[in-house]
Protein chains: 2
Amino acid sequence: MRVTIKDVARECGYSVATVSLVLNDKESRISAAARAKILKVAEEMNFRPNRLAVGLVTQKTHTIGLIVPDISNFHFAEMCNAIEHECRNNGYIVLLGSYGSSDDQAYEYFKEFIDKRAEGIILAKPRLTELTEKEKMCFSLAQRARVPVVTFEEFKAAKGVRSVSFDFEAGGYLATKHLIDLGHRRIGCITGQSNMVSSLARLKGYKKALSEAGVDFDPQLIYEGEFTLDSGVEALPYLLGQNVTAIFAFNDMMAMGVYKAARNYQLKIPTDLSLVGFDDIDLNEILEVPLTSVTHPAGAMGRESAKQVLNMIDGGEREHGILFHPSLKVRGSTRKLR
Amino acid sequence: MRVTIKDVARECGYSVATVSLVLNDKESRISAAARAKILKVAEEMNFRPNRLAVGLVTQKTHTIGLIVPDISNFHFAEMCNAIEHECRNNGYIVLLGSYGSSDDQAYEYFKEFIDKRAEGIILAKPRLTELTEKEKMCFSLAQRARVPVVTFEEFKAAKGVRSVSFDFEAGGYLATKHLIDLGHRRIGCITGQSNMVSSLARLKGYKKALSEAGVDFDPQLIYEGEFTLDSGVEALPYLLGQNVTAIFAFNDMMAMGVYKAARNYQLKIPTDLSLVGFDDIDLNEILEVPLTSVTHPAGAMGRESAKQVLNMIDGGEREHGILFHPSLKVRGSTRKLR
DNA sequence: CGGCTTTGATAAAACGTTTTACCAATATTC
DNA sequence: GAATATTGGTAAAACGTTTTATCAAAGCCG
């Protein structure tokens, strides 16, 4: 049913080798006549090479694997988009894996993508504190197969893998410092899961800013969320109970939750409560009270990740990776105390 | 470097055939001893089969191709997420293509995915009015290769392809009817590109509702947007110039643009202007003035698309496809006139 | 013990390409 | 006109699997 190179060869009376040579434009001594005829027949027959076969022999698939926790999440959607674009522009196609809440699934994809001969892998897996056995196994698998790996938003993962990461600590510091400068002292925190490196780092920045200002750290002001809207909704009543005058949410989604909950409590932001988010999603500008937030450039970081894998595929040496830095976008949701 | 089935065979002293049989758990008469040893050795050596080779011989790749205009768009992000999940749960992996504003690119992906032996394709390409040559070529390519295709949000594309579509006309009707019922007569419309079937359908619904209420259609009230935030921002001043009392935006993003612009004009929604959106994205509930919107269930539709391809891959017959229906979520952005 | 089954395993073809080494025919040189 | 170089093209191996038909050895029967 599908037309193969053999069909083309038979049809135009040349050998398979000749057809392949011509179609791939290899330098070789094939007469102009043969060349023309082959090109014409291949076109007419609508011949398309089987990439599996090509990949098998050339060891090149022009495919990279992309593993993210959740594509429908703003941050990762942006990131995926940038990666997809960068790859496309370099002739690469992306295999997508979204593992949701199943940590194991991430590594199933990892293995599967290697089996499918992806030439590189971008892994966006907020790492828990230590590398598990499974993780080690995957990295060593990749290493033995010489498949370059880029970890997204991790400071370091394993040797031989580059990481495109982000200075979450500086972000936490910036947000907190801003609130302190505005006179706030009781600053609530809505964190992410406590075993997540990126959440811990933000918290470290928060503590650092406090301590610089001579404010004691109060664990009562910390609410552990899960980066979801609902976490923000639930955090607000608790933190109000702690008499906070400001809240630093570890991502914008949770800040949105605070907005939403605040309406129920007749609370005005920023009059009654200052609020800082993290990620600086586009949405922030559209809100009635635009959200002050820490920038976290998903697109740029995604693009960079893609560049890094592609570069490694091209033979670039394994380096240390690259670190992105945050800045603070001050908008209407924060205000001088009193 | 990578361990192949030959390596395993050599290592444990059996033939490649035997190893393959055991590893794939084929019913065949292999001694328990051999079986045990092979399993053990394969495990120890960390053997993983090359999927390209497997695909070449079995003609199965357990891969489907997904083509969307823009992953970072809420609607498609939701859709992709659902598809990815459904596929994963059925042992399929997705190849992702996002073609942005380049129509041609969509078909480049289409061909590329077929070449890569995707077993099915989901194409989310808001079709312009007529099928182009290229499109026809792609569909016939898929047909000859017996690769099932599902078009997303198209009423029909070509024979042999199922479509998962949405009744945009009913959506347009619902939104408009609602505004009319509230007493509005001069209702502005922010449409999508005028050659897009789905935009035309919404418009048809709009006109139908008007005519049922005996209101004359006024082309001056139509502003052609591009489904972007900025389109909404730009549309507002124009429509205000036409003295509208309500606006129906063909998607929520453009409605957000109206919100944003309204702030600059000191306009209160819904006091001074009623606003209805389309898509009913999660965000709508979070807004200070929650947006009344027409539901458009991206997740459910994505899941259904995946089910349809998977079913066709399993030998299910080509049917007519399936049509999703809208409903109206009334929230705070619309209000009785005067 | 000779023929027939059963058991356990394998050789080899196939999937659709790329690529290298080689070959036959023609042209060139002296 | 023989030796040599050039031209145009191809055969065949390789990539890493799956699968079918076949084979050798062992077991069974009378």
Side-chain angles (χ1 to χ4, degrees), chain A residues 1-39 41-42 45-63 112 114-119 144-146, chain B residues 1-39 41-42 45-63 112 114-119 144-146:
Chain A
M1 201 78 265
R2 287 168 122 135
V3 13
T4 74
I5 198 172
K6 279 184 196 159
D7 300 325
V8 176
R10 190 182 325 109
E11 184 69 19
C12 59
Y14 286 99
S15 74
V16 165
T18 308
V19 174
S20 172
L21 256 15
V22 168
L23 258 26
N24 290 300
D25 223 12
K26 295 283 185 210
E27 44 111 356
S28 68
R29 298 161 308 177
I30 306 290
S31 68
R35 186 175 301 276
K37 172 144 197 189
I38 289 172
L39 253 20
V41 172
M45 298 181 75
N46 237 309
F47 168 70
R48 312 228 91 221
N50 181 333
R51 294 290 175 206
L52 297 179
V54 174
L56 193 55
V57 40
T58 62
Q59 311 274 35
K60 301 231 87 203
T61 54
H62 289 272
T63 295
E112 186 64 28
I114 289 199
D115 296 349
K116 276 196 174 0
R117 292 311 185 257
E119 293 179 34
R144 293 185 43 193
R146 308 214 167 291
Chain B
M1 202 76 267
R2 288 168 120 136
V3 13
T4 73
I5 198 172
K6 280 184 196 159
D7 299 325
V8 176
R10 191 182 326 108
E11 184 69 20
C12 59
Y14 286 98
S15 73
V16 166
T18 308
V19 175
S20 172
L21 255 14
V22 168
L23 259 25
N24 290 302
D25 222 13
K26 294 283 187 214
E27 43 110 354
S28 68
R29 299 162 307 178
I30 305 290
S31 67
R35 186 176 300 276
K37 171 144 199 187
I38 288 172
L39 252 19
V41 172
M45 297 180 77
N46 237 308
F47 168 69
R48 312 228 90 221
N50 181 334
R51 295 291 176 205
L52 297 180
V54 174
L56 193 55
V57 40
T58 62
Q59 309 274 34
K60 301 231 87 204
T61 55
H62 289 271
T63 295
E112 186 65 26
I114 289 199
D115 296 349
K116 277 197 174 358
R117 292 309 185 259
E119 292 179 34
R144 295 184 42 191
R146 310 214 167 291

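What you are looking at is a predicted structure, and each value in this text was computed from that prediction instead of being measured. All values below come from the heavy atoms of this structure, side chains included, with hydrogens, waters and symmetry mates left out. So that the names make sense, note that chain A is the first sequence line, chain B the second, and so on, each numbered from 1.
Following rounding to the nearest Å, A/Arg51 (CZ) and C/dG16 (C1') show an atom-to-atom distance of 12 Å. D/dT19 atom P lies 13 Å from atom CG of B/Asp25, rounded to whole Å. Between the CZ atom of B/Arg117 and the P atom of D/dT17 there is a distance of 19 Å, rounded to whole Å. The distance between atom CZ of B/Arg29 and atom P of C/dT10, rounded to the nearest whole Å, is 13 Å. One interatomic measurement links the two molecules: CD of B/Gln59 to P of C/dG16, which rounds to 6 Å at whole-angstrom precision. Rounded to whole angstrom, the span from the CD1 atom of A/Ile5 across to the P atom of C/dG16 amounts to 12 Å. Between the C1' atom of D/dT17 and the CG atom of B/Leu21 lies a distance of 12 Å, rounded to the nearest Å. C/dT19 atom C1' lies 12 Å from atom CD1 of A/Ile30, rounded to whole Å.
Look at B/Tyr14 and you won't find any side-chain N or O under 4.0 angstrom from OP1 or OP2 of C/dT10. Taking only side-chain nitrogens and oxygens, A/Ser31 comes nearer than 4.0 Å to OP1 or OP2 of D/dG9. Close to D/dT10, at under 4.0 Å from its OP1 or OP2, lies a side-chain N or O of A/Thr18. Proximity of A/Asn24 to the phosphate of C/dT18: a side-chain N or O atom is located under 4.0 Å from OP1 or OP2. A/Lys26 has no side-chain polar atom (N or O) that falls below the 4.0 Å cut-off from OP1 or OP2 of C/dT18.
Within 4.0 Å of A/Val54, counting heavy atoms only, lie sugar-phosphate atoms of the nucleic acid but no base atom. Counting non-hydrogen atoms under 4.0 angstrom, A/Arg48 reaches the backbone sugars and phosphates but no base. At a threshold of 4.0 angstrom between heavy atoms, the contacts of A/Leu52 with the nucleic acid are absent. Among the protein residues, B/Ser20 comes within range of the nucleic acid bases, having at least one heavy atom under 4.0 Å from a base atom.
When each of C/dA11, C/dC15, C/dT17 is scored by its nearest atom to the side-chain atoms of A/Thr4, the top-ranked nucleotide is C/dT17. When distances run from any side-chain atom of B/Lys6 to the nucleotides D/dG9, D/dT17, D/dT19, the shortest one goes to D/dT17.
More than 12 non-hydrogen atoms from other residues, nucleotides or ligands lie less than 6.0 angstrom from NZ of B/Lys60.
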